[in-house]
Amino acid sequence: MIGLYYCRLPENFSGITLPALTAYRQQRLATLQNERARRQSLGAELMLYRALQDWAPELPWPPELLVDSQGKPRLKEGDLFFSLSHSGSWAACAVARQELGLDIQEKRLGTEALMNRCFTAEEREFVRRSPDPAAAFTELWCKKESRIKAVGGSIFDGLSSFSVLDSPWEYRCGSLEGLFYAVCIPGSSGEELEIHRIELL
């Protein structure tokens, strides 16, 4: 099973009771000057907390996170993997008992320059021939970024070197309230995706 937890971010968190934050998140928030980026970062962390309530309630609170050599945060204890993402007014977390990557994106059409830099020729043609190029672009972008997150590395590191149209990797993709998502699982697992919309109160 794969769990996907997502929420629409409030305008501010002043009316929301916040749990103790991980040291990792406190450090991240301290480096963010933009209020929107802070809201997104905090929202993603809260989705992780909500997922942990279901998947790892035995962990001490707040959970301790480590950062691996690829810059990816991980739980210090337990066998649970997670991936965080945010876009616009949304934040999300995916969890599973295996490595995975998550990306969410509000629908948009990328520029030709961006597609030339990050998409293969096959993927660019797929977007151009689509009856909804913005949806096609967003779906492919989510798949590519989720794969990078699953293995680590920079978002612009070799995106054009692989195609997600014919990939041995497994993806769970779709849209929720106009928000596109992709969960990438290295290899093939056959795991089902369980989706939870969380209200931040």
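Computed from a prediction, not measured in an experiment: that's the story for all the values here.
Here the side chains of Leu84 and Arg25 are in contact, with some heavy-atom distance below 4.5 Å. A 4.5 Å side-chain heavy-atom check between Thr111 and Asn116 finds every atom pair outside the cut-off. By the 4.5 Å heavy-atom criterion applied to side chains, Pro62 and Leu21 are not counted as neighbours. Residues Tyr5 and Ile195 have side chains not in contact (no heavy-atom distance under 4.5 Å, counting atoms from C-beta outward). Looking only at side-chain heavy atoms (C-beta outward), Leu9 and Cys7 come within less than 4.5 Å of each other. Two residues are said to be in side-chain contact when any heavy atoms from C-beta on lie closer than 4.5 Å; Phe82 and Leu52 fail this criterion. Counting heavy atoms from C-beta on, the side chains of Leu193 and Tyr181 come closer than 4.5 Å. Side-chain contact between Leu4 and Leu176 is present, with heavy atoms from C-beta onward closer than 4.5 Å.
Applying the side chain to side chain contact (heavy atoms under 4.5 Å, CB included) criterion to Arg36, with sequence neighbours excluded, gives Asn34, Arg39, Gln40. Take Tyr24 and apply the side chain to side chain donor-acceptor pair (under 3.5 Å) test, not counting sequence neighbours, and it matches no residue. For Lys76, the side chain to side chain donor-acceptor pair (under 3.5 Å) test picks out no residue, with sequence neighbours left out. Annotation: ring-ring contact (aromatic ring centres under 6.0 Å, His included) contacts of Tyr6 (sequence neighbours excluded): Trp90. Glu112 pairs by the salt bridge (Lys or Arg N to Asp or Glu O under 4.0 Å) definition with Arg128, not counting sequence neighbours. Taking the side chain to side chain donor-acceptor pair (under 3.5 Å) definition, one finds that Glu194 meets it with His196, sequence neighbours left out. Applying the salt bridge (Lys or Arg N to Asp or Glu O under 4.0 Å) criterion to Arg50, with sequence neighbours excluded, gives Asp54. In this structure Ser87 satisfies the side chain to side chain contact (heavy atoms under 4.5 Å, CB included) test together with Ile104, Gln105, Glu106, sequence neighbours excluded. Applying the side chain to side chain donor-acceptor pair (under 3.5 Å) rule to Glu122 yields the partners Ser163; only residues at least two apart in sequence or on another chain are considered. Every residue two or more places apart in sequence or in another chain was checked for a ring-ring contact (aromatic ring centres under 6.0 Å, His included) with Phe81, and none qualifies. Remark: Phe180 pairs with no residue by the ring-ring contact (aromatic ring centres under 6.0 Å, His included) rule, at least two apart or across chains.
With hydrogens and angles disregarded, a donor-acceptor distance shorter than 3.5 Å links the side chain of Glu123 to the backbone of Val164. No donor-acceptor pair under 3.5 Å is formed between the side chain of Ser130 and the backbone N or O of Phe126. Looking at Ser160, its side chain never comes within 3.5 Å of a backbone N or O of Cys118 through a donor-acceptor pair. In this structure a side-chain-to-backbone donor-acceptor pair under 3.5 Å is present from Ser146 to Cys142.
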Evaluation steps, side chain to side chain contact (heavy atoms under 4.5 Å, CB included), between Glu77 and Leu59: CA-CA 7 Å; Glu77 299 180 32; Leu59 288 180; 3.9 Å; yes
Step-by-step side chain to side chain contact (heavy atoms under 4.5 Å, CB included) determination, Leu200 to Phe13: CA-CA 9 Å; Leu200 293 177; Phe13 285 87; 3.9 Å; yes
Working for ring pair (Phe, Tyr, Trp, His ring centres under 6.0 Å), residues Phe137 and Phe119: CA-CA 10 Å; Phe137 171 85; Phe119 284 9; 5.3 Å; yes
Evaluation steps, side chain to side chain contact (heavy atoms under 4.5 Å, CB included), between Leu18 and Leu42: CA-CA 10 Å; Leu18 298 176; Leu42 181 55; 3.9 Å; yes
Side chain to side chain contact (heavy atoms under 4.5 Å, CB included) between Cys184 and Arg172, intermediate numbers included: CA-CA 7 Å; Cys184 177; Arg172 300 286 183 278; over 6 Å; no
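Tyr49 and Leu66 fall into different hydrophobic clusters, defined by Ile, Leu, Val, Met, Phe, Trp and Tyr side-chain heavy atoms under 4.5 Å apart, directly or through other members.
Taking CG from Asn12 and CZ from Arg38, the interatomic distance works out to 12.5 Å, rounded to the nearest 0.5 Å. Rounded to the nearest 0.5 angstrom, Leu46 CG and Ile198 CD1 are separated by 10.5 Å. To the nearest 0.5 angstrom, Gln98 atom CD is 6.5 Å from Ile185 atom CD1. Distance check, rounded to the nearest 0.5 Å: CG of Leu165 to CD of Glu139 gives 8.5 Å.
The pair Asp132-Lys107 counts as a salt bridge, with a side-chain nitrogen and a carboxylate oxygen less than 4.0 angstrom apart. Residues Arg8 and Glu199 are not paired through a salt bridge, judged by the lack of any N-O separation under 4.0 Å between the basic side chain and the carboxylate.
Side-chain contact of Glu45 with Thr22: a donor-acceptor pair under 3.5 Å is present, judged by distance alone.
Trp61 approaches Pro19 most closely through the heavy-atom pair NE1-CB, 3.8 Å. Counting all heavy atoms, side chain and backbone alike, Ala91 lies closest to Met47 at O-CG, 3.8 Å. Taking each heavy atom of Ser85 and Leu102 in turn, the nearest pair found is CB-O, 3.8 Å. In plain terms, the two heavy atoms of Cys93 and Ala51 that are nearest each other are SG-CB, 4.4 Å. Smallest separation of non-hydrogen atoms from Ala182 and Cys173: CB-SG, 3.9 Å. Scanning both residues, Ala37 and Leu32, for their nearest heavy atoms gives O-CD1, 3.7 Å.
Taking the ring axis of Phe162 as reference, the NZ or CZ atom of Arg147 stays within 45° of it and closer than 6.0 Å to the ring centre.
Residue pairs meeting the salt bridge (Lys or Arg N to Asp or Glu O under 4.0 Å) criterion with at least one member in residues 91-101, sequence neighbours excluded, are Lys72-Glu99, Arg74-Glu99, Asp79-Arg97.
For Glu58, the CD atom counts as densely surrounded, since its 6.0 Å shell holds more than 12 non-hydrogen atoms of other residues, nucleotides or ligands.
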